[in-house]
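Below you'll find the structure, written out as structure tokens, and then a few comments.
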Amino acid sequence: MTPRFDVIGLVVSDMAASLAFYRRLGLIFPEDAARHPHVEAALPGGLRLALDTEEVVRSFHPGWRPSTGGGRVGPAFRCDSPAEVDGVYEELVGAGHHGELKPWDAVWGMRYAVVHDPDGNGVDLFADLPTGQEGGADLPAGQ
């Protein structure tokens with residue numbers, strides 16, 4: 001018997017804010033999800049994204065505390081075009097989310113950006129660049 005990768009779980013401090021963020025990225029949660037301490041959205045390929053409130057985690061792990069260091073988990077969302085990366089980034093930043101890295105053309109041939117979800121997790125947005133349009137540096141200017 002071999003374990004199967006099935007769920008990506010995020011612990012959230014504000015379920016409604018997290019739902020709004022991930023819904024803007026196209027994930028579908030039940031309509032009444034904000035009233036629940038645990039919710040899931042189906043992901044392509046059969047995986048699921050689970051959101052659990054801090055309270056539900058403490059209900060079975062009373063000593064649990066949120067990490068205080070930098071993010072170690074970063075969901076990444078493929079966009080259909082470089083222009084969509086720019087548009088989604090601007091929409092999320094315009095809605096009040098922190099833009100960590102503005103959209104830029106990466107040397108590996110993708111338009112890339114990073115925005116934080118409500119709990120400070122870096123969420124990558126990316127799309128393939130047209131052939132021959134690769135960026136000229138490993139990191140965006142100023143990094």
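If you're wondering where the values come from, they're calculated on a predicted model, not measured in any experiment.
Between Pro82 and Leu129, the closest heavy-atom pair is CG-CD2, 3.9 Å. Of all non-hydrogen atoms in Ala127 and Cys79, the two that sit nearest each other are CB-O, 3.5 Å. In terms of heavy atoms, Asp86 sits closest to Pro103 at OD1-CB, 3.0 Å. In terms of heavy-atom proximity, Asp14 sits nearest to Ala16 at OD1-N, 3.1 Å. In terms of heavy-atom proximity, Pro66 sits nearest to Glu54 at CG-OE2, 3.9 Å. Nearest heavy atom pair, residue Trp64 against residue Arg58, reads O-NE, 3.5 Å.
A continuous path of ILVMFWY side-chain contacts below 4.5 Å connects Leu51 to Phe5, so both sit in one hydrophobic cluster. Met110 is connected to Trp104 through a chain of hydrophobic side-chain contacts under 4.5 Å among Ile, Leu, Val, Met, Phe, Trp and Tyr, so both are in one cluster. Both Val88 and Leu49 belong to a single network of hydrophobic side chains, linked directly or stepwise wherever heavy atoms of I, L, V, M, F, W or Y lie under 4.5 Å apart. No chain of hydrophobic side-chain contacts below 4.5 Å, direct or via other Ile, Leu, Val, Met, Phe, Trp or Tyr residues, connects Ile8 to Val57. No chain of hydrophobic side-chain contacts below 4.5 Å, direct or via other Ile, Leu, Val, Met, Phe, Trp or Tyr residues, connects Val123 to Val11.
With a 4.5 Å cut-off on side-chain heavy atoms, Glu55 and Pro37 do not count as touching. Taking 4.5 Å as the limit, every side-chain heavy atom of Phe126 sits out of range of all side-chain heavy atoms of Arg111. Contact of the Leu125 side chain with the Glu84 side chain is not registered, since no non-hydrogen atoms from C-beta on lie closer than 4.5 Å.
Residues satisfying the side-chain hydrogen bond (donor to acceptor under 3.5 Å, both in side chains) criterion with Asp124, sequence neighbours excluded, are Tyr112.
Exactly one of Asp52, Asp119, Asp117 qualifies for a side-chain contact (heavy atoms from CB on, under 4.5 Å) with Leu10. That residue is Asp117.
A 6.0 Å sphere centred on CG of Asp80 holds no more than 12 heavy atoms belonging to other residues, nucleotides or ligands.
With rounding to the nearest 0.5 angstrom, the OH atom of Tyr89 is 12.5 Å from the NE2 atom of His97. Within the model, atoms CZ of Arg4 and CG of Leu47 stand 10.5 Å from one another, a figure rounded to the nearest 0.5 Å. Annotation: the span from Leu92 atom CG to His98 atom NE2 amounts to 12.5 Å, rounded to 0.5 Å.
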Just distance, no hydrogens or angles: give the donor-acceptor pairs under 3.5 Å from side chains in residues 24-34, sequence neighbours left out.
{"from": "Arg24", "atom 1": "NH1", "to": "Glu91", "atom 2": "OE2", "distance (Å)": "3.0"}
{"from": "Asp32", "atom 1": "OD2", "to": "Arg35", "atom 2": "NH2", "distance (Å)": "3.3"}
{"from": "Asp32", "atom 1": "OD2", "to": "His36", "atom 2": "NE2", "distance (Å)": "3.1"}

